[in-house]
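Just the heavy atoms: all of them, side chains too, but no hydrogens, waters or symmetry mates, feed the values below.
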Amino acid sequence: MTVSSFQNASPLAGRSPLKKMPPDKKPGGFLDGFEKAPPVDPAEARERAKGKHKVAKIVLGTLGVTTVLGTGAATTATVALINPGALGPLGPSLNQLVVQHLPGGAQEAYHWATGPNPQAEDPSNYGQLYQITPGSRDYQVLDQHQIPPDAIKDGRVIVGFEGIDGTQESYVRAFNKLFNSEQAAIPLHQKMLFIHEGHRPTRLDDIKRVLHDYSITKRIQAGEQVDLQEAFRADPAVETGYNVIKQALDQDLDVLIFAHSGGGAESVEALNLLSSQGYHDQIGEHVKIVLMAGAAPAQDAVEAGVKPGNALYIGMKADLVAELGHVYIDAQDPMSGLINLVKDLRNTTDFTLGPMHSPDKAIVPNNLDHLQDFFYKGIGGTYLAETPVAR
């Protein structure tokens, strides 16, 4: 059976998406025994609200490695890891202290992120657009951000966003195996356009870039005007995705997006940028997105106009990126989302972008029923699978 157009996808129904439990509501108690703050005077509340968005942006910029519940201590620890120079002379010492107290897996991930990236490449490769052909191990680099005629099938274009540390060869192998082979999980049998993130000097540079992408999406959702060219300079992959999706929408083509890891933040930023430029309704009519352990949740795509039944997030509970990425954070009121995020991080056991982060080794095989429901029944949502038990 071949999956073709999805313009008439059915509404969200059937299996219930992952739901977040609300904070403890017991009288006088809040989150593991912390007492609620006393009521705030209405005048004071209004003054605080003026600075709310600025505070939200600061908090959102520290999400990547904040793994403990706290206030100033958590933020300081995160800054000590990501940018110790911002803390002045104490920065290096605090950095060493925080690293020493991280769990073993987190220490390994930190050194992986901050050490030299052996795959670092020329910036001219950032945002490269290439085409995958079913049954081929090769790929074709496209000089321009143009949709080749042979990439269109049944009025649909498939666009993929790579993740951090991804290579063109790895995505050719994985996505042809999953979607373009006789044993495919979902037999699409269609050429795919993929966007290469590119490898910066360190993985931390890539992580900062993804966090910046995420912050741009939150700014758009908060009603701010965003400079398109500044967003494109910060991440050329966002510019490529924006141009390709815009071109497809201008031609009334359906767009199926696959976004893995950091590509999740890039894809929803491109969609939210397009939405802010007047494409909200076209996105709702034509776009379908599958986020695989993406660094942004399905709801961020919905905010751009994607119908809930056309937005799917799948991942593994053990994977750090999936636990960080699947939680929606409201740009106007971020605290409940941040609390859920920190609570969910307790499930993480894989900090290293290992097998639990792989589309073909873990994510798709362990969420295949949700993926099939998505394509054949129009059921979206967010699903994180339990780590398979070793046999």
Side-chain angles (χ1 to χ4, degrees), residues 12 15-22 56-57 59-67 161 163-164 207 210-222 238 241 257-275 280 283-284 287-348 356-357 359 363-364 367 370-371 373-374 379-385:
L12 181 63
R15 188 177 288 103
S16 299
L18 185 78
K19 295 182 179 179
K20 300 297 167 193
M21 295 299 294
K57 287 195 291 185
V59 175
L60 290 171
T62 64
L63 291 183
V65 289
T66 302
T67 58
F161 288 78
I164 291 176
I207 293 170
V210 169
L211 289 172
H212 181 269
D213 292 340
Y214 186 76
S215 71
I216 293 291
T217 297
K218 294 295 109 176
R219 286 172 56 192
I220 296 169
Q221 292 174 3
V238 172
I257 297 173
F258 287 112
H260 176 230
S261 192
E266 292 171 333
S267 64
V268 301
E269 180 185 357
L271 289 173
N272 277 270
L273 286 168
L274 282 163
S275 183
H280 184 276
I283 289 171
V287 175
K288 188 166 189 164
I289 185 169
V290 179
L291 295 148
M292 300 178 177
Q299 184 61 33
D300 278 333
V302 173
E303 293 294 316
V306 178
K307 295 177 181 177
N310 285 339
L312 177 71
Y313 189 108
I314 52 176
M316 303 298 294
K317 284 188 177 180
D319 176 37
L320 172 65
V321 180
E323 288 291 4
L324 281 170
H326 81 276
V327 178
Y328 174 67
I329 296 178
D330 188 335
Q332 304 290 350
D333 185 16
M335 284 313 300
S336 61
L338 291 170
I339 291 169
N340 283 331
L341 182 150
V342 174
K343 289 167 66 177
D344 287 351
L345 282 172
R346 297 170 185 173
N347 297 314
T348 300
M356 292 297 101
H357 192 59
I363 298 172
V364 170
N367 290 279
H370 303 304
L371 198 63
D373 284 349
F374 177 70
I379 300 175
T382 296
Y383 307 91
L384 300 186

The test is side-chain contact (heavy atoms from CB on, under 4.5 Å); show your working for I289 and Y313 and say whether it passes. CA-CA 8 Å; I289 185 169; Y313 189 108; over 6 Å; no

Between Y214 and A295 (side chain of the first, backbone of the second, donor and acceptor by atom type, cut-off under 3.5 Å), is there such a pair? no

To the nearest 0.5 Å, tell me how far N272 CG sits from R219 CZ. 12.5 Å

Between A301 and V268, the two heavy atoms sitting closest are N-CG1, 4.0 Å

Write down the atom of M356, the atom of I363, and the distance for their closest heavy-atom approach. O-CG1, 4.0 Å

From CG (D319) to CG (L324), nearest 0.5 Å: 9.0 Å

Decide yes or no on side-chain contact (heavy atoms from CB on, under 4.5 Å) for E303 and T217, but give the supporting numbers first. CA-CA 10 Å; E303 293 294 316; T217 297; over 6 Å; no

With rounding to the nearest 0.5 Å, note down the distance linking CG in L274 to CD in E269. 10.5 Å

Roughly how far, to the nearest 0.5 Å, is the NE2 atom of H370 from the CD1 atom of I379? 10.0 Å

Geometric class of the H260/H357 ring pair [parallel <30°, tilted 30-60°, perpendicular >60°]: tilted

Nearest 0.5 Å, what's the CD1-CG distance between I220 and L273? 4.0 Å

Do you know the tightest heavy-atom contact between G163 and S261? CA-CB, 3.8 Å

Would you indicate whether the side-chain heavy atoms of V287 and N310 approach each other to under 4.5 Å? no

Check for a donor-acceptor pair, side chain of S215 on one end and backbone N or O of H212 on the other, with a separation under 3.5 Å. yes

Counting only N and O atoms by type, is there a donor-acceptor contact under 3.5 Å from the side chain of N367 to the main-chain atoms of G315? yes

Closest heavy-atom contact between L291 and G264? CD2-CA, 3.6 Å

Tell me if a side-chain donor or acceptor on K307 pairs with a main-chain N or O of G380 at a distance below 3.5 Å. no

Please identify which of these residues, V302, T382, D300, meets the side-chain contact (heavy atoms from CB on, under 4.5 Å) condition with Y328. D300

Write down the atom of I283, the atom of A304, and the distance for their closest heavy-atom approach. CD1-O, 3.6 Å

For the atom pair CD (Q299) and CD1 (I329), what is the distance rounded to the nearest 0.5 Å? 12.5 Å

Does any non-hydrogen side-chain atom of V238 lie less than 4.5 Å from one of I216? no

